[in-house]
Participant: 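Can you read through this structure? Questions will come right after.
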Amino acid sequence: MDTRHPRVMPEKAATGGLAARKLIGTAALFCCIALLHIQASAQAILEGERFNPVTASQGMVVTSHTLATQVALDVLKDGGNAMDAAVTAGFALAVTQPRSGNIGGGGFMLFSPGNGEPVEAIDYREKAPRRATETMFQDEQGNVVQNRSRFTHKAAGVPGTVAGFALALERHGTLSLKQALAPAIRLASEGFIVPERFTEGLEQARDRLTRWPATLDTFYKEDGSAWQPGERFKQPDLARTLKRIADHGIKDFYQGETAKLIVDEMQRNDGLITLEDLASYQPAIRQPIHGTYRGYEVYSMSPPSSGGTHIVQILNILEGYPMAELGHNSAASIHRMAETMKLAYADRATYLGDTDFVEVPLNGLTSKEYAASLREKIDLETARPSSDIQAGDPAGFESPETTHFSIVDRWGNAVSNTYTINFSYGSGITVAGAGFLLNNEMDDFSAKPGVPNAYGLIGGEANKIEPEKRMLSSMSPTIVRRDGRNYLVTGSPGGSRIITTTLQVLLNVIDHGMNIQSAVSVPRIHHQWLPDEIRIEQGISADTISLLETMGHDVVQKSSMGAIQSILIEDNGKLTGGADPRRSTSSAMGF
Ligand code: GLY
């Protein structure tokens, strides 16, 4: 069955979609969408849930952009596996969703084979250039100069996406890099129809993007206005860059013409990345973080991401509470979650960093014993002020705009991928002549111990800047296995909120028995130790907020958090996909 999230744009992917698009009139599309709504409502009445997932049996793709979902689904239908589809989707997102899809950034991927073999983590996070220094974002008085780590050429880490995708494909795919790049090249050269969200993003970021001539030329029209919904947007420079990578392999990006364009961009603007930085960049194969929650096996990203460590740490603490009985988003549940999150984020600030450079007590942080000792510190009636909380003492020493996609193929293989250029549109700087945006991931380092980064996250010594080190991340591509088989594939953007967003989808499925679409759609909460507040989305009742305030919590409603793209595999092999309605271009498609 070919299905898609009701919110999808009508535009079909460039692969084989052009003729079809001409034939399908607007009226017919509205009818189809209306029919989907009617079917969904009918199912909802039968099944008793307000949200219904997309269902399929052979393969499922869930991404934050319909065109990327479609090209990846085409790969699965043509007999490709989950990794072939993942790399194809990743490159397509670099074209269709330039605010976070990228070749100028980095990320993390989990691959979980359908035959039960070990889960593998691929780390293609950016690295600090060799000339980076611990105090490079401080002035002479030692004060942090925030714009320097966010909106200058020095903000960019050495990009890892191209090398990471190539390595992932080589290890687990069947397509060549050229084949995986083909849809992206087509989307860049032939263009695609701009959805509303694309225009909104460029309007919102106009001031910081249009400062850079190459960004203005690449992403805005000749008269300086943003591309409007319904218009066709082409990226000839990016198409040429992707074509060079297809023709010459990753060597082009790290040593060839594209590398030269990146270095020229740096040299013209006082940036740090050199040809040596690019030539020496290598992605890494990591052991994923592993934990258990009520009998489920949880795999998530290890350092330099903090995500997996703290998801497992929080789950370990919450396992001691009857979360199902306490109820979804009740004051009692939210209190336990918030108190637990505070403890985890306090540990994050102290202990987490790139394990190639610092020792991180991973075993201690993710142990059930440590969780039990932290649980004892939680008062079930009263909020503990964050100022009273410091990092704990785990046993012996031995990581807002990102995008996530989840894919499962007919063999049960699963890919969970999160990648980013940090802010929406990263640094805002486009590599002139190459057509892609550079990340501003250097802001994820601790510019100075105790000074928060853009997400309000405090970092310490473990996450200080060092040459060739990877900056700490919160990205948490996650795969849950049940009885040795892939069960839940999930992950989200959202900066510091990635960890708690991903956590809540796990709780919603495992504790609250929600289907995957409900699990991703219902309101979320977040606490990150500092600032000392429970951040909530719209939809938490006034009564609940009042109870939480009585317990001593500061509760603040802000904009929505995350965009979690998830797949659940039922025992009978049925696939259910949940695209996050918080992004209008999110889509789940299966067959
Ligand atoms: N740039 C956000 C993160 O990696 O967590």
Side-chain angles (χ1 to χ4, degrees), residues 64 90 93 97-102 104-110 121-128 137 146 149-151 155-161 164 205 283-284 286 289 300-311 341 344-345 347-349 351-355 360 399-405 416-429 437-447 452-459 462-463 465 469-478 490-503 526 528-529 561-564:
S64 54
L93 283 164
Q97 192 171 281
R99 66 165 80 201
S100 53
N102 70 81
F108 303 108
M109 183 186 276
L110 248 58
I122 300 174
D123 167 5
Y124 58 97
R125 179 74 159 166
E126 302 92 325
K127 281 184 168 188
F137 297 127
Q146 267 173 359
S149 64
R150 297 176 189 178
F151 305 120
V158 182
T161 297
R286 308 263 181 212
I289 292 290
S300 191
M301 195 61 216
S302 39
S305 179
S306 59
T309 306
H310 297 301
I311 286 175
M341 289 169 184
Y345 278 83
D347 278 350
R348 182 191 190 279
Y351 293 116
L352 269 285
D354 181 351
T355 41
V360 179
S399 153
E401 186 77 28
T402 298
T403 191
H404 179 88
F405 50 85
S416 176
N417 185 86
T418 317
Y419 74 149
T420 188
I421 44 177
N422 199 18
F423 289 14
S424 261
Y425 311 100
S427 60
I429 297 164
L437 286 157
L438 285 168
N439 68 82
N440 58 347
E441 220 71 65
M442 292 293 285
D443 192 65
D444 273 351
F445 277 117
S446 169
N453 74 359
Y455 302 101
L457 289 167
I458 309 286
N463 189 33
I465 304 172
K469 188 178 181 181
R470 288 176 160 100
M471 54 297 286
L472 185 58
S473 172
S474 298
M475 289 189 279
S476 314
T478 297
T490 189
S492 180
S496 56
R497 275 92 62 188
I498 292 173
I499 296 171
T500 51
T501 295
T502 309
L503 169 87
H526 171 76
Q528 61 178 53
W529 177 48
M561 296 180 272
I564 191 152

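Both counts, for ligands and for their atoms, begin at 1 and track the order of listing.
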Participant: So, is T420 polar-close to ligand 1, with some N/O to N/O distance under 3.5 Å?
Facilitator: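 Between T420 and ligand 1, no N or O pair is found under 3.5 Å apart.
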Participant: Work out which heavy atom in G104 is nearest to a heavy atom in N439; give both atom names and the distance.
Facilitator: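 Answer, listing the atom of G104 first, then N439: O-ND2, 2.8 Å.
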Participant: Examine T402 against ligand 1 and note whether any of their N/O atoms are separated by less than 3.5 Å.
Facilitator: no
Participant: What part of R125 sits under 4.0 Å from ligand 1 if we count only heavy atoms: the side chain, the backbone, both or neither?
Facilitator: side chain
Participant: If you apply the rule ring-ring contact (aromatic ring centres under 6.0 Å, His included), what do you find for Y351 with H310, and how did you get there?
Facilitator: CA-CA 11 Å; Y351 293 116; H310 297 301; 9.0 Å; no
Participant: Hey, is E441 touching ligand 1 through its side chain, its backbone, both or neither, going by heavy atoms under 4.0 Å?
Facilitator: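 The answer is the side chain of E441.
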Participant: Against heavy atoms of M475, which atoms of ligand 1 measure under 4.0 Å?
Facilitator: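 Reading through ligand 1 atom by atom, the close ones are 4 (O), 5 (O).
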Participant: Could you tell me whether the side chain of M301 reaches within less than 4.5 Å of the side chain of S416, counting heavy atoms only?
Facilitator: no
Participant: If you compare all heavy atoms of S100 against all heavy atoms of T403, which two are closest, and at what distance to 0.1 Å?
Facilitator: OG-CB, 3.5 Å
Participant: At less than 4.0 angstrom from any non-hydrogen atom of S474, what atoms of ligand 1 do you find?
Facilitator: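 Those qualifying, in numeric order: 3 (C), 4 (O), 5 (O).
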Participant: Run the salt-bridge test on D444 and R470 with the 4.0 Å N-O cut-off and return the result as yes or no.
Facilitator: no
